[in-house]
Amino acid sequence: MATMARTNTGLAYPDRFYAAASYAGFGGSPNSANKDVASKFSNEVALILYALYQQATVGPCNVPKPSPWSPVEQGKWKSWQQLGNMVSAEAMRLFVKILEEEDPGWYSRTSNSVESVRDVQMNHNSNGEPIIENGNSFAETKTISAENGSLMEAQDKDIVLEGLGPVVVYDQWVSPPIKGQRPKARYEHGAAVVQDKMYIYGGNHNGRYLSDLNVLDLRSWTWSKVEASFESKSEESPSPVNIAPCAGHSMIPWENKLLSIAGHTKDPSETIQIKAFDLQTGTWSILKTYGKAPVSRGGQSVTLVGSTLVIFGGQDAKRTLLNDLHILDLETMTWDDFDAVGVPPSPRSDHAAAVHAERYLLIFGGGSHATCFNDLHVLDLQAMEWSRPTQQGEIPSPRAGHTGVTVGENWFIVGGGDNKSGASETVVLNMSTLVWSVVTSVEGRVPLASEGLSLVVGSISGEDILVSFGGYNGRYNNEVNVLKPSHKSTLQSKIMEAPVPDSVSAVQNATNPTRDLESDFEVGQEGKIREIVMDNTDSEHMKSKGEETSELIIATLKAEKEELESSLNKEKLQSLQLKEELTQAETRNTDLYKVVFDVCDGWSCSSFTVSFVSLETVMYISLRQFSLTKFHFAF
């Protein structure tokens, strides 16, 4: 039976959310709610709370975009829309978390009872089903001491307990209590998650390559060793295949198998080998491939894009650095190499790679024999063209041996080093805007500031968690650390204005084909975007930033208002000028008719028709002063 953490306030979710919503001013009539929220919070925080409340109670934003003449309603709509498909439970947690950051004593000051909370729940306009958390409850303030030398002190963090101990706190690394026999300490190993289990294979310990396969159950946090068998080479040759110990390889889950790609071995083969571990039979085998296989290597990046593996760079058995590009079709097991246009990254190994929108391959960092890099390269897999876009935000320092995983459009990078010290920051890149932010930092020589560690994405109670293992920072490690991202990079905790580099525009257009280019919050008339980035500062800093952001928003709206008023005045002036010209034309026309009829009165005309006559014609006729018996005008 799972051990649950109770809050010291006595309310579990979703009741805690509805109590918070009622305190913040939501749940009543729209007008009164707007006034209540606006009076308690800054404009920025009010927008965030509104969006989270709508996401939690209604679901994703599907309402039409408001008129541009209503900037307040448009701002609320944009805030809500940017939450995308965030699940209701996550929106509830973030709503309460932000409220507690803004007003830590909110619960002690509210007089709402559980019954009034139920009233709020009855009043909300939800189109979805009631949220059931399977009995899980959520704690408030706890302190967790880590095994690895005081990794963090959690304050005002939401903690979820499952199994026998703490699993996560938002945006901080913690060490869960581990059971079972830990694997040998190592680095440059492979790691992958399949069905709430993290598999660790191979690696390097004291210069010795490893071949053991271990698994960590992410629900009970228990290690166990996998006793694997080896497939026979063929029916004629019953001897098992040779699965050589390796390090610097890549591990990818595919169908019901774990694929181990490339890697350094004691006796390297000429070309890359693809080893497969069948999770059903518990058997290792070497997969047969077709086409021209790349030269064997380690320290490469391997990225799964659809049903293909994209392999870039690495270092071969002769320590030659590579920057070649190869693709393996997993359905046909056929190799292909490509000569992409543009300037590729320089030869390197121990870099990180990720795919965005199933189209863009991103390469970050890595090292050569002499230096480490912090450059970012993007390969358009459709056009097969390399580019080097401009990075923005808090750009990470040069590093190699780091690792990364993606959660939505966010690419988290952990660890690595520059041959002098380990990288202590956990950073995140928004792959749509190419803006870097720092999630958290660690101090001292801890495993998270290591080279060759692994990082995977797991799930606890429907929420993503990052799980790291191993690494080398002067000693070999076998510790497990966990971080749950708060997804602040997808919330309006800080709005950052930055010029849009040309290289980003292609990524944005490809990943957001329906993006409204006239949006107040995304693209301005001067080619600027406002993007949401991480804000991991203290409360006072958040408030000052919030005030600056509010002033920025107000200044922007004022400028837009002045521009609209100027355009309106121009239109009014143009309209007055046209009216004046029309009046003058009508006056001339009246005078013309008078002249015509004055001329006609001086003539003896039995039949007279005027269709059109110019002033010049009339004057000419008047000057001639002749008399006609019959004169017919038909101009």
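Not measured: the values here are computed from a predicted model.
Side-chain N or O atoms of Glu188 include none that pairs as donor or acceptor with a backbone N or O of Gly298 at under 3.5 Å. Remark: the backbone N or O of Val435 is not paired with any side-chain donor or acceptor of Asn430 at under 3.5 angstrom. Proximity of a side-chain donor or acceptor of Glu409 to a complementary backbone N or O of His356 within less than 3.5 Å is not detected. A donor-acceptor distance shorter than 3.5 angstrom exists from the side chain of Gln55 to the backbone of Met86, with no hydrogens or angles considered. Judged by distance alone, with hydrogens and angles left aside, the side-chain atoms of Lys266 form no donor-acceptor pair with the main-chain N or O of Ala244 at under 3.5 Å. Side-chain N or O atoms of Asn477 include one that pairs as donor or acceptor with a backbone N or O of Gly471 at under 3.5 Å.
The shortest non-hydrogen separation linking Ala353 to Thr303 is CB-OG1, 3.5 Å. In this structure, Arg186 and Pro183 approach most closely via the heavy-atom pair NH2-CB, 3.8 Å. Of all heavy-atom pairs spanning Asn204 and Tyr209, the tightest one is ND2-CE2, 3.8 Å. Across Lys197 and Val215, no two heavy atoms sit closer than the pair CB-CG2, 3.7 Å. The shortest non-hydrogen separation linking Asn419 to Cys372 is ND2-SG, 4.3 Å. When every heavy atom of Ala423 is checked against every heavy atom of Arg399, the shortest pair comes out as CB-NH1, 3.3 Å.
The aromatic ring centroids of Phe312 and Trp386 lie less than 6.0 Å from each other.
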- Item | Thr308 and Asp329: CA distance, side-chain angles, deciding distance, side chain to side chain donor-acceptor pair (under 3.5 Å) verdict | CA-CA 5 Å; Thr308 62; Asp329 188 325; over 6 Å; no

- Mind running side chain to side chain contact (heavy atoms under 4.5 Å, CB included) on Phe412 and Val407 for me, showing each step along the way? CA-CA 8 Å; Phe412 292 88; Val407 178; 3.9 Å; yes

- Test log, rule side chain to side chain contact (heavy atoms under 4.5 Å, CB included), inputs Glu463 and Tyr170: CA-CA 11 Å; Glu463 295 185 287; Tyr170 282 114; 3.5 Å; yes

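With sequence neighbours left out, Ser368 forms a side-chain contact (heavy atoms from CB on, under 4.5 Å) with Leu321, Ala370, Thr371, Phe373. Legend: residues meeting salt bridge (Lys or Arg N to Asp or Glu O under 4.0 Å) with Asp375, ordered by chain and number and at least two apart, are Arg348. Residues forming a ring-ring contact (aromatic ring centres under 6.0 Å, His included) with Trp335 (at least two apart in sequence, or on another chain): none. Partners of Asp278 under the salt bridge (Lys or Arg N to Asp or Glu O under 4.0 Å) rule, at least two apart in sequence or in another chain, do not exist in this structure. Asp316 pairs by the salt bridge (Lys or Arg N to Asp or Glu O under 4.0 Å) definition with nothing, not counting sequence neighbours. Ser468 is linked by a side-chain hydrogen bond (donor to acceptor under 3.5 Å, both in side chains) to nothing, counting only residues two or more places apart in sequence or in another chain.
Between Phe364 and Trp436, the angle of the ring planes lies from 30° to 60°, which puts this pair in the tilted group. Relative orientation of the Tyr472 and Tyr187 rings is tilted, given thresholds of 30° and 60° on the angle between their planes. Using the six-membered ring where Trp is involved, Trp284 and Phe277 have ring planes that are tilted, between 30° and 60° apart.
A 4.5 Å side-chain heavy-atom check between Leu325 and Pro344 finds every atom pair outside the cut-off. With a 4.5 Å cut-off on side-chain heavy atoms, Leu210 and His189 do not count as touching.
Paired with Lys484 under the rule side chain to side chain contact (heavy atoms under 4.5 Å, CB included), one option of Leu466, Ile465, Val174 passes, and it is Ile465.
Under the 4.0 Å criterion applied to side-chain N and carboxylate O atoms, Asp171 and Lys97 are not assigned as salt-bridge partners.
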